[in-house]
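All chains are named by letter (A, B, ...) in the order of the sequence lines, taking the proteins before the strands, and each is independently numbered beginning at 1.
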Amino acid sequence: MSKEITSREQDYSQWYNDLVIKAGLADYSAVRGCMVIKPYGFALWENMQRQLDQMFKDTGHQNAYFPLFVPKSLFEAEEKNAEGFAKECAIVTHYRLKSDPDNKGKLIVDPEAKLEEELVVRPTSEAIIWNTYKGWIQSYRDLPILINQWANVVRWEMRTRLFLRTTEFLWQEGHTAHATRDEAEKETVQMLNVYADFAEQYMALPVMKGVKTENERFAGAVDTYCIEAMMQDGKALQAGTSHFLGQNFAKAFDVKFADKENKLDYVWATSWGVSTRLIGGLVMAHSDDDGLILPPKLAPIQVVIVPIYKGEEQKSQIDEKVHELVKELKAAGISVKYDDNDNSRPGWKFAEYELKGVPVRIAIGARDLANNVVEVARRDTKEKMSYSIDGLGKAVIQLLDDIQVSIFNKAKTFRDDHITNANNWEEFVQLLDEKTGFIAAHWDGTGETEEKIKELTKATIRCIPLDNQQEAGSCILSGKPSSQRVLFARAY
RNA sequence: CGGGAUGUAGCGUAGCCCGGUUAUCGCGCCUGGUUUGGGACCAGGAGGUCGCAAGUUCGAAUCUUGCCAUCCCGACCA
């Protein structure tokens, strides 16, 4: 009642904003375009981080940390990268404030504290990292370098949206250095697969793996691989990218190594990242008009238990049963909350935990105890079931697994239903407007055509799927010959 | 940065056109009590630079000007 959420049908954007704010994931802040990530949202991020971090380590990577500031001269070294990010950089020009002589109690920038060289607040860290790697690499024996960092970055975007695009955001960025092209390419694909596995198995978010066109490529990359997800409004969301950087950064920063034959060559590089944007994707992909729906594997609270009682005597009987259950679930690694706060009533709690997307709710009252059962409700389907108290722990664990699979399947069915072939321009435009989703269509392979299509329809090529089926056809716009379909969509 | 909308208590709002005592109502909050199987009820209470600044006026939430912020739509992007 007190926390009305705009329905998806009414206003999808507003629904998303309402959800993020009212479920307690984040808040607006005093800084334009920057948000406060609240404890519940941060707990979700921590769960994602923990799993990704493990996956990075399992593939041989180590964490490190590089500075927030990049001297301008380093930033501009790799020209394409610098050019690509130049228009969205925050720059530090001074290092001191002083009292304003004309305005008591106020401060002004001290003009005498101007930096010799401006510092760019990193929008990404290739420059500072490759400048560092230069000092670490002399021989093939120093390779590969497999490093990841968890960090914040700043990109001064014109228009921001909670989690999906904020001025400052949290992410991880992997930066690797290799002796051969082949090894670097394999690394790029390996990390793409790590992202796809994470998205599908943990976020329950089906993704398309593919390669970006030249227009959509990361500034400074030779190839950009990506995973693309589909939101409930049929728009695409780029969920992660993995870049094969070739020798571009090694050349820009003069990073050479001696191979076994003592021949000097430039080092091969990759970089890859996912950000707090994933939280936005998670929210948009699964949730409904009543609140969040979180996949059990990432939910900060997986099971909530609500007691229903009259009087202290009943309460202590319930407590006794619940404590056993909590112990069992915790031993199995399940995050469980027993909400016996007497200040709010059961109905209020039910609504609140639905809003917060807790996958499983267990209600237990005197009536249940008498029958040796509890009421189990799953958030994704809103289904209520009666479970025997005997073996409840195991049953709940099984249910969490079922929910994880079930929300993935639901998202996948939706996604698959929204991949449609278009064979001519009229069909393409109609599908885009009326059905939305990914449109698979032939494209002549030129940047001009891609640009033109974007101008006309706001749709971009999200990716050329990996292992794409080859098929002769003609471009939907230019009519020129094409050997494969690519995926178009309107995107976030 | 262009177009549109909005700004009154923690949240949602009435009042503004047509200036005039103490700024309306609901939710939430505090105290006490009764309650507890889908967002409880009763009684009492606290909480306001009416976005900011100037101006008009005897008097401004209300009129004028400027500024700021937020949201939505576009261009830019993870």
Side-chain angles (χ1 to χ4, degrees), chain A residues 1-6 11-14 16-18 21-22 27-35 84-89 123-124 152-173 195 212 215-219 224 226-229 236-243 271-281 290-291 306-312 314-315 318 339-355 361-371 373-375 377 382 384 386 454-455 458 460 462 490-492:
Chain A
M1 294 282 198
S2 61
K3 293 185 174 177
E4 278 299 320
I5 296 171
T6 306
D11 185 342
Y12 192 81
S13 287
Q14 194 55 48
Y16 172 79
N17 286 337
D18 282 357
I21 299 293
K22 291 179 176 164
D27 237 339
Y28 292 106
S29 75
V31 189
R32 171 192 230 124
C34 294
M35 64 176 174
F85 284 103
K87 55 194 180 309
E88 52 191 70
C89 285
T124 181
N152 57 343
V153 288
V154 168
R155 295 183 188 175
W156 214 269
E157 302 287 355
M158 284 302 168
R159 194 169 155 219
T160 58
R161 300 199 61 187
L162 295 166
F163 287 112
L164 295 175
R165 188 179 305 105
T166 46
T167 302
E168 178 193 14
F169 58 94
L170 304 184
W171 77 345
Q172 60 65 220
E173 47 182 327
Y195 288 154
K212 287 288 186 193
N215 281 353
E216 299 281 325
R217 198 177 284 158
F218 175 76
T224 288
C226 63
I227 52 172
E228 292 283 328
L237 181 79
Q238 180 173 307
T241 46
S242 183
H243 314 292
S271 70
W272 27 275
V274 295
S275 72
T276 36
R277 166 178 261 201
L278 288 179
I279 294 175
D290 294 320
V306 177
I308 298 161
Y309 58 92
K310 292 180 183 141
E312 277 310 305
Q314 284 189 3
K315 174 67 168 38
I318 293 169
D339 188 353
D340 64 347
N341 183 341
D342 196 37
N343 291 327
S344 38
R345 298 163 80 254
W348 190 90
K349 292 176 186 172
F350 292 172
E352 183 65 14
Y353 291 110
E354 277 164 14
L355 175 61
R361 180 185 75 231
I362 298 174
I364 176 165
R367 209 167 69 197
D368 301 307
L369 280 187
N371 298 319
V373 296
V374 294
E375 181 192 85
K382 293 286 203 78
K384 289 183 195 173
S386 186
K454 186 178 174 183
E455 259 172 53
K458 287 172 203 143
T460 49
R462 302 318 302 161
R490 294 199 176 116
Y492 277 100

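- Look at the C1' atom in both C52(B) and U6(B): the space between them is 16 Å, to the nearest Å.
- Distance check on atom C1': U8(B) versus C16(B) gives 11 Å, rounded to whole Å.
- Residues forming a ring pair (Phe, Tyr, Trp, His ring centres under 6.0 Å) with Y12(A) (at least two apart in sequence, or on another chain): W15(A).
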Quick one: which protein N/O atoms are closer than 3.5 Å to N/O atoms of nucleotides 74-76 of chain B? Pair and distance per line, please.
residue, atom, partner, partner atom, Å
C76(B), O2, E157(A), OE1, 3.4

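- Taking atom C1' on both G47(B) and C25(B), the two are 16 Å apart, rounded to the nearest angstrom.
- Residue-to-nucleotide proximity on RNA chain B shows that, of R367(A) and N17(A), the 5′-proximal contact is made by R367(A).
- Rounded to whole Å, the separation between the C1' atoms of A69(B) and C77(B) comes to 23 Å.
- As a whole-Å value, the separation of E375(A) CD from U36(B) P is 17 Å.
- At whole-Å resolution of the value, CD in E312(A) and P in U35(B) are 13 Å apart.
- Atom CG in D339(A) sits roughly 16 Å away from atom P in G39(B) (whole-Å rounding).
- The distance from atom CG of N343(A) to atom P of C29(B) is 9 Å, rounded to the nearest whole Å.
- Nearest to the side-chain atoms of E354(A) among the listed nucleotides G37(B), C72(B), G38(B) stands G38(B).
- Remark: RNA chain B takes part in the stems B:1-7 with B:68-74, B:10-12 with B:25-27, B:29-34 with B:40-45, B:51-55 with B:63-67, each of 3 or more antiparallel Watson-Crick or G-U pairs, criterion distances under 3.5 Å.
- Across U49(B) and A61(B), the matching C1' atoms stand 12 Å from one another, rounded to whole Å.
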